[in-house]
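Quick notes on the structure that follows.
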Amino acid sequence: MPELPEVETICRSLAPHITGKVLAGVEVHAPKLRRPLPTAAELRAVTGQRITALERRAKYLIWHLDGGGALIIHLGMSGQLCFHHGPHPAELHTHVIFHFQEGGQLHFRDPRRFGSLDLAAPGELAGLPMLCELGVEPLSSAFTAEYFRERLGATRRVVKTVIMDQRVVVGVGNIYANEALFQAGIHPLRPGQSLSPAEGEALQLAIICVLGKAVERGGTTLSDYRNADGEPGFFQLDLAVYGREVEPCPRCGGQIVRLRHEGRSSYLCEACQK
DNA sequence: AAACGCGCCTGCGGGC
DNA sequence: TGCCCGCAGGCGCGTT
């Protein structure tokens, strides 16, 4: 489900509810999601700790704890985090419930169980393999035209695969990859090194533009995505091509087509994207 | 190195 | 009505 704009929106909507609060307990209702969940003993070690800050890195949500450690959540394809001010029954597929001393509880649901919950000991966070191999943040100053051109020029991999590679640039998933390629007028199956410098720059700017606008819209709600307050996003209204097979291209009126590559769907306008 | 296929899971919609 | 199939926002593994 969630790509950068959705995780960013969840982070922003969740932060006011739990920043500064003390973890009173963590209920775990499943043995594992993508990976085994932390053990009861590991979770006891973080109860009583205060959450000092929330941060999004790539598609990960990181809770910094006053003991120096951290809690890391990934929402996979179908993960939801919903904050409740009072008691709330565990719904179907609610796997983890966080309780706070000051009141309120946070429910982590994930029907498909591709998400994850990990703990990092003090000093361990930066060295975690899932974090330290990540590429640049697309909405940061590190995502420059020079950097992107260099990464594109060094590979024959198809450009859509490159922009979805979290080691190159983080946070771009299937929806926003399709949208950025459309906006830049680039065919998703072009080899990375076939892009001219101007095309590379157009794509870099399109990624920034699409992600930025999607964050402004609170993310894309196709079916079940909600922020921490249970509200949907609205960027689905701005999608030009994703999920719009057979519909007219918003630019030329031609028909949007779907093709499959590496097990995933790409949506594009063959007239506008070369 | 990188391109695939596949597995991990559940749910939904379409076709028959 | 019900069943089967394909498909879905992610990621990491194994094999060529």
Side-chain angles (χ1 to χ4, degrees), chain A residues 1-11 29-37 56-61 72-81 91-96 108-118 128-135 151-181 188-194 207 210-211 214-215 217-227 232-246 258-267:
Chain A
M1 171 212 297
E3 305 179 32
L4 183 150
E6 291 75 35
V7 182
E8 178 67 26
T9 302
I10 289 169
C11 186
H29 297 292
K32 65 188 277 280
L33 296 180
R34 177 177 189 76
R35 291 187 285 277
L37 287 159
R56 178 194 60 75
R57 171 74 174 111
K59 299 174 191 172
Y60 294 94
L61 190 61
I72 306 122
I73 292 173
H74 194 291
L75 297 170
M77 291 275 263
S78 59
Q80 297 179 327
L81 289 171
E91 293 171 30
L92 186 63
H93 305 305
T94 295
H95 306 305
V96 184
F108 182 7
R109 280 189 80 224
D110 185 7
R112 291 182 69 181
R113 294 193 231 169
F114 293 164
S116 60
L117 167 61
D118 295 285
L128 290 180
M130 63 180 148
L131 296 181
C132 68
E133 288 169 22
L134 292 171
R151 296 303 300 257
L152 278 176
T155 183
R156 277 173 297 197
R157 300 163 74 199
V158 305
V159 61
K160 181 170 179 241
T161 305
V162 177
I163 64 176
M164 291 178 66
D165 184 341
Q166 303 298 300
R167 294 167 301 184
V168 176
V169 55
V170 301
V172 179
N174 204 30
I175 295 178
Y176 300 109
N178 278 288
E179 292 297 308
L181 286 161
L189 301 187
R190 292 263 303 275
Q193 60 185 13
S194 77
I207 290 169
V210 164
L211 293 175
V215 170
R217 295 276 191 270
T220 299
T221 297
L222 296 175
S223 58
D224 51 7
Y225 159 73
R226 296 288 186 281
N227 71 14
F234 294 95
F235 192 73
Q236 65 277 11
L237 303 173
D238 293 307
L239 293 174
V241 289
Y242 183 85
R244 298 201 184 280
E245 185 182 14
V246 187
R258 177 170 75 102
L259 49 89
R260 285 193 69 81
H261 183 248
E262 294 180 11
R264 318 205 65 177
S265 288
S266 288
Y267 299 88

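Each chain gets a letter, A, B and so on, in the order the sequences are listed, and its residues count up from 1.
Under a 3.5 Å cut-off, the side chain of Q80(A) and the backbone N or O of R109(A) do not form any donor-acceptor pair. Not one N or O on the side chain of N178(A) forms a donor-acceptor pair closer than 3.5 Å with the backbone of Y242(A). Side-chain atoms of T221(A) come within 3.5 Å of backbone atoms of G233(A) as a donor-acceptor pair (strictly under, hydrogens ignored). Under a 3.5 Å cut-off, the side chain of N174(A) and the backbone N or O of S265(A) do form a donor-acceptor pair.
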Sugar-phosphate atoms are those with a prime plus P, OP1 and OP2; base atoms are the rest. Using that split, label each nucleotide of nucleotides 8-14 of chain C B, S or - for protein heavy atoms under 4.0 Å, 5' to 3'. BBBBS--
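Residue contacts shown for H261(A) are limited to sugar-phosphate atoms, with no base heavy atom under 4.0 Å away. Contact annotation for L92(A): backbone-only contact, meaning every heavy-atom pair under 4.0 Å involves sugar-phosphate atoms and none involves a base.
We find that CD of E262(A) is positioned 17 Å from P of dG7(B), with the value rounded to whole Å. Rounded to whole angstrom, the span from the CD atom of Q193(A) across to the P atom of dA3(B) amounts to 10 Å. The distance from atom CG of L259(A) to atom P of dC4(B) is 13 Å, rounded to the nearest whole Å. As rounded to whole Å, 11 Å separates atom P of dT10(B) from atom CG of L33(A).
Pairs passing the salt bridge (charged side-chain N to carboxylate O under 4.0 Å, His left out) check and including a residue from residues 164-177 of chain A, sequence neighbours excluded, read R157(A)-D165(A), D165(A)-R167(A).
OP1 or OP2 of dG11(B) sits under 4.0 Å from a side-chain N or O of H93(A).
Taking Q193(A) as the reference, R156(A) meet the side-chain contact (heavy atoms from CB on, under 4.5 Å) condition, with sequence neighbours excluded. Every residue meeting the side-chain hydrogen bond (donor to acceptor under 3.5 Å, both in side chains) condition with E91(A), not counting sequence neighbours, appears here in chain and number order: H88(A). Partners of H261(A) by side-chain hydrogen bond (donor to acceptor under 3.5 Å, both in side chains), not counting sequence neighbours: none found.
Comparing the C1' positions of dT1(C) and dT10(B) gives a spacing of 22 Å, expressed to the nearest Å. Taking the C1' atoms as reference points, dA8(C) lies 22 Å from dA3(B), given to the whole Å. Rounded to a whole angstrom, the distance from the C1' atom of dC9(B) to that of dG2(C) is 23 Å.
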In dot-bracket form, how is DNA chain C paired, counting a Watson-Crick or G-U wobble pair only if both its distances are under 3.5 Å and using | for bases paired to another strand? .|||||||.|||||||
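Defined by atom type and a distance below 3.5 Å, a donor-acceptor pair is present between the side-chain atoms of R35(A) and S116(A).
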